[in-house]
Amino acid sequence: MQKERWKGAGGNAWVELQALTDRVMTGFVPPLVDGLSGTVLDVGCGTGATTVAAAQRAERVVGVDISEPMIAAARKRAPDLEFLAADAQTHTFERFDWVISRFGVMFFDDPVAAFANLRRAGARLRCIVWRTAEENPFMTAAERAAKPLLPDLPPRDPHAGQFAFGDPERVRRILTEAGWDDVQLDELDVECAMPASALEGYFTRIGPVGIALGGIEDEALRARVIETVRPAFAPFVHDDEVRYTAACWLVQAR
Ligand SMILES: C[S@@+](CC[C@H](N)C(=O)[O-])C[C@H]1O[C@@H](n2cnc3c(N)ncnc32)[C@H](O)[C@@H]1O
């Protein structure tokens, strides 16, 4: 289910908004890549922004992603780097010094099996995941506002999808059962910003409302959803900029 989403509309939207998502998520790059050395596997690398940043520190970096359109965009961005279109849950990787990921490890069907596979792929783990939906009101603003118009919007599952790693005890349990040691979670709060002019393009493409809008042909309903959702972002709009704090975990293990 999650796989299909990234292989299809979800992946395509990220490719189209690559410049914007790069910009919004730039603050996550230093905590992810500072201090890397040796060989690195970037899991769920998407269009390759963090793979490129890691390659400036490490000797060799390979990016892996399940989405063909994302990997194609990554190869276009960095033709000299190695990218692999594969399912990180089950692919047999060679051995790396580091396994890293920015928001690419929350979508596994069987997280224990997937992280056991990644443990075979790397000596050290460093990934950034979202804390809970409640701690990230920007991320759910669109669906809260749109719900009366789109009653079939799927409710957020705290154990699957974007917020699957919000509960620190669950993360510790998954990684420990998968064979990782010295599991450490540190709160990571990152200030994110985008031009206010980009907001509509963002919420109409990315996230549950963006995905739902992609399937709506009724133009009047589409327009009503957009008109209803826009004001929900008012608390985050400051003049010509949208700003929010992303509440995440920096997860590390050996
Ligand atoms: C939120 S995006 C993050 C992309 C990228 N890491 C970034 O920060 O720009 C999540 C990525 O995880 C990828 N993904 C999801 N499940 C995966 C799996 N089982 N194996 C490999 N990649 C996966 C998606 O295709 C998507 O590119």
Side-chain angles (χ1 to χ4, degrees), residues 1-33 40-55 61-78 81-93 96 98-118 120-122 125-130 136 138-139 156 160-166 174 178 188 190 192 194 202 205-208 210-211 246 248-251:
M1 168 85 180
Q2 293 286 336
K3 270 194 260 182
E4 296 317 313
R5 172 185 153 197
W6 286 110
K7 283 177 165 179
N12 289 332
W14 274 70
V15 171
E16 284 160 32
L17 296 181
Q18 178 179 332
L20 180 64
T21 54
D22 280 358
R23 179 171 171 176
V24 172
M25 300 206 298
T26 186
F28 297 101
V29 174
L32 186 70
V33 304
V40 178
L41 176 67
D42 185 6
V43 175
C45 66
T47 60
T50 53
T51 324
V52 169
V61 185
V62 176
V64 60
D65 202 283
I66 200 163
S67 160
E68 293 278 359
M70 298 276 245
I71 283 292
R75 287 188 177 127
K76 195 165 161 201
R77 182 207 292 265
L81 292 184
E82 292 170 71
F83 292 100
L84 193 63
D87 185 345
Q89 302 179 94
T90 50
H91 184 79
T92 305
F93 293 105
F96 294 85
W98 286 91
V99 172
I100 66 163
S101 181
R102 180 177 72 178
F103 303 130
V105 293
M106 300 92 71
F107 307 99
F108 299 142
D109 304 318
D110 180 344
V112 173
F115 273 97
N117 191 42
L118 295 179
R120 288 186 286 275
L125 175 73
R126 186 190 285 171
C127 50
I128 297 173
V129 298
W130 294 98
N136 286 287
F138 177 87
M139 287 292 149
R156 293 286 192 156
Q162 182 175 7
F163 298 109
F165 278 17
I174 288 170
L188 177 69
V190 172
C192 299
M194 73 175 85
Y202 178 86
R205 302 304 317 279
I206 279 184
I211 291 170
C248 302
W249 294 116
L250 179 66
V251 182

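We count ligands from 1, going down the list as the structure has it; atoms in each ligand are counted the same way.
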For ligand 1, is there an N or O atom under 3.5 Å from any N or O atom of T50? no
N or O contact, V43 vs ligand 1, cut-off under 3.5 Å: no
All ring pair (Phe, Tyr, Trp, His ring centres under 6.0 Å) counterparts of F28, not counting sequence neighbours: F103
Looking at CZ of R102 and CD1 of I128, how far apart are the two atoms once the value is rounded to the nearest 0.5 Å? 7.5 Å
Restricting to non-hydrogen atoms, name the atom on A73 and the atom on Q18 that form the minimum distance, rounded to 0.1 Å. CB-OE1, 3.7 Å
Heavy-atom pair with the smallest gap, counting every atom of Q162 and F107: N-CE2, 3.7 Å
Numbering the atoms of ligand 1 from 1, which are under 4.0 Å from a heavy atom of [X]?
{"X": "F108", "value": "18 (C), 19 (N)"}
{"X": "W14", "value": "1 (C), 9 (O)"}
{"X": "M25", "value": "7 (C), 8 (O), 9 (O)"}
{"X": "D87", "value": "18 (C), 19 (N), 20 (N)"}
{"X": "A86", "value": "20 (N), 21 (C)"}
{"X": "G104", "value": "12 (O)"}

Mode of [X] contact toward ligand 1 - side chain, backbone, both, neither (heavy atoms, under 4.0 Å):
{"X": "Q162", "answer": "neither"}
{"X": "F28", "answer": "neither"}
{"X": "A114", "answer": "neither"}

Considering T47, T21, V15, I66, which one's heavy-atom position lies nearest to atom 22 (N) of ligand 1? I66
Closest to atom 8 (O) of ligand 1 (judged by heavy-atom distance), picking from M70, R102, E68: R102
Decide side chain to side chain contact (heavy atoms under 4.5 Å, CB included) for V99 and S101; before the verdict, give the C-alpha distance in whole Å, the side-chain angles of both, and the deciding distance to 0.1 Å. CA-CA 7 Å; V99 172; S101 181; 6.0 Å; no
Sidechain N-carboxylate O distance under 4.0 Å for D42, R126: no
Can you tell if the side chain of F115 reaches within under 4.5 Å of the side chain of I174, non-hydrogen atoms only? yes
Where the side chain of D65 meets the backbone of A85, is there a donor-acceptor pair that is under 3.5 Å apart? no
So for A49, does at least one of its heavy atoms come nearer than 4.0 angstrom to any atom of ligand 1? no
For D87, the side chain to side chain contact (heavy atoms under 4.5 Å, CB included) test, sequence neighbours excluded, returns K3, I66, Q89, T90
